[in-house]
Amino acid sequence: MKVFGITGSSGSGKTTLLDQLIPRFVQAGCRVAGVKHTHHGFDPDTPGKDSWRMREAGCANVVLVGARHLTLMRRYAEDDPSPELEDALAVLPADTDLVLVEGYKHSGVPKLEVYRPGHGRAPLWPTLPGVVAVATDSPAEVAAVTGLPVFHLDDIDGIYAFVRARMDL
């Protein structure tokens, strides 16, 4: 299973880029999984529903199965550390070819930073481990300050080819 990350500041366009990359990998025959990490609390369950009641009764894991979906909801204790990327990867099918990760920016996996100088935030690549390329709306400006490969955000084919080559797919 190969793992590649898309990182960047909030609102930079990470999800939009993934929306365009994923179909290219799927069309090429790759079995793709996605992992989205958020610092915001969320609960995918609905209070009062059977799965919620099972969790509230004490189940550490509840699997909700429908005609075309299977969802694992794992509860961690309040004093447990937040789940790491490895925890998410461990529940994916072994036949997954590529996992595209949004978030987990401090993980050591190779990642592409989506960076927009106009947003006024500092780039992550100087201090963030694993950044191997940058996608931006200002490629000439960014290329002048980094030795990393730089792609225009609209160059989806170029970004796809880079990730495919980097992951040896």
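Excluded from the calculations below are hydrogen atoms, water molecules and symmetry mates; all remaining heavy atoms, backbone and side chain alike, are included.
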Self-check item: Residue pairs passing the ring pair (Phe, Tyr, Trp, His ring centres under 6.0 Å) test where at least one lies in residues 54-75, sequence neighbours excluded
Solution: none
Practice problem: Taking side chain to side chain contact (heavy atoms under 4.5 Å, CB included) as the test, write out the residues that go with Asp19, two or more places apart. | Solution: Thr15
Exercise. Verify the neighbour count for atom CZ of Arg53: are there more than 12 heavy atoms of other residues, nucleotides or ligands below 6.0 Å?
Key: no
Practice problem: Sorted by first residue and then second, give each side chain to side chain donor-acceptor pair (under 3.5 Å) pair with at least one member in residues 158-169; sequence neighbours left out. | Solution: Tyr160-Arg164
Quiz prompt | Least distance between heavy atoms, Leu18 atom then Pro23 atom | solution = O-CD, 4.3 Å
Output side-chain donor-acceptor pairs under 3.5 Å for residues 57-66, partner residues at least two apart or in another chain, one line each.
residue, atom, partner, partner atom, Å
Asn61, OD1, Arg74, NE, 2.6

Self-check item: Flag side-chain contact, heavy atom, 4.5 Å: Val35 against Tyr104
Solution: yes
Exercise. Applying side chain to side chain contact (heavy atoms under 4.5 Å, CB included), name anything that partners Ala33, two or more places apart in sequence or on another chain.
Key: Leu92, Thr96, Val99
Quiz item: Same cluster or not: are Val101 and Met1 linked, directly or through other Ile, Leu, Val, Met, Phe, Trp or Tyr residues, by side-chain heavy atoms under 4.5 angstrom apart?
Solution: yes
Self-check item: side chain to side chain donor-acceptor pair (under 3.5 Å) partners of residues 131-143, not counting sequence neighbours, each pair once
Solution: Arg116-Asp137
Quiz item: Would a hydrophobic clustering, with Ile, Leu, Val, Met, Phe, Trp and Tyr connected at side-chain separations under 4.5 Å, put Leu100 with Phe151?
Solution: yes
Exercise. Might you confirm whether atom CE of Met54 has over 12 heavy atoms from other residues, nucleotides or ligands at distances under 6.0 Å?
Key: no
Practice problem: State, yes or no, whether a side-chain contact exists between Ile156 and Leu21 at a heavy-atom distance under 4.5 Å. | Solution: yes
Quiz prompt | Contacts of Ser12 that satisfy side chain to side chain contact (heavy atoms under 4.5 Å, CB included) - sequence neighbours left out | solution = Lys14, Val114
Quiz item: With Asp50, which residues qualify under salt bridge (charged side-chain N to carboxylate O under 4.0 Å, His left out), at least two apart?
Solution: none
Quiz item: Does Arg121 use its side chain to pair, donor to acceptor, with the backbone of Pro117 at less than 3.5 Å?
Solution: no
Practice problem: Would you check, one step at a time, whether the test side chain to side chain contact (heavy atoms under 4.5 Å, CB included) holds for Leu112 with Ile159? | Solution: CA-CA 9 Å; Leu112 176 139; Ile159 296 168; 4.0 Å; yes
Self-check item: Single hit among Leu153, Val150, Asp155 for side chain to side chain contact (heavy atoms under 4.5 Å, CB included) with Pro139
Solution: Val150
Self-check item: Listed partners of Lys49 passing salt bridge (charged side-chain N to carboxylate O under 4.0 Å, His left out), at least two apart
Solution: none
Exercise. Under the side chain to side chain contact (heavy atoms under 4.5 Å, CB included) rule, collect the residues that match up with Asp154, sequence neighbours excluded.
Key: His152
Quiz item: When you measure from the side chain of Lys2 to the backbone N and O of Met167, does any donor-acceptor pair fall under 3.5 Å?
Solution: yes
Quiz item: Can you name the salt bridge (charged side-chain N to carboxylate O under 4.0 Å, His left out) partners of Glu84, sequence neighbours left out?
Solution: none
Quiz item: Between Leu124 and Lys105, is any pair of side-chain heavy atoms under 4.5 Å apart?
Solution: yes
Quiz prompt | Pairs flagged by side chain to side chain donor-acceptor pair (under 3.5 Å) wherever residues 106-115 is involved - sequence neighbours left out | solution = none
Self-check item: Passing option when Trp125 is tested against Val142, Val132, Thr7 for side chain to side chain contact (heavy atoms under 4.5 Å, CB included)
Solution: Val142
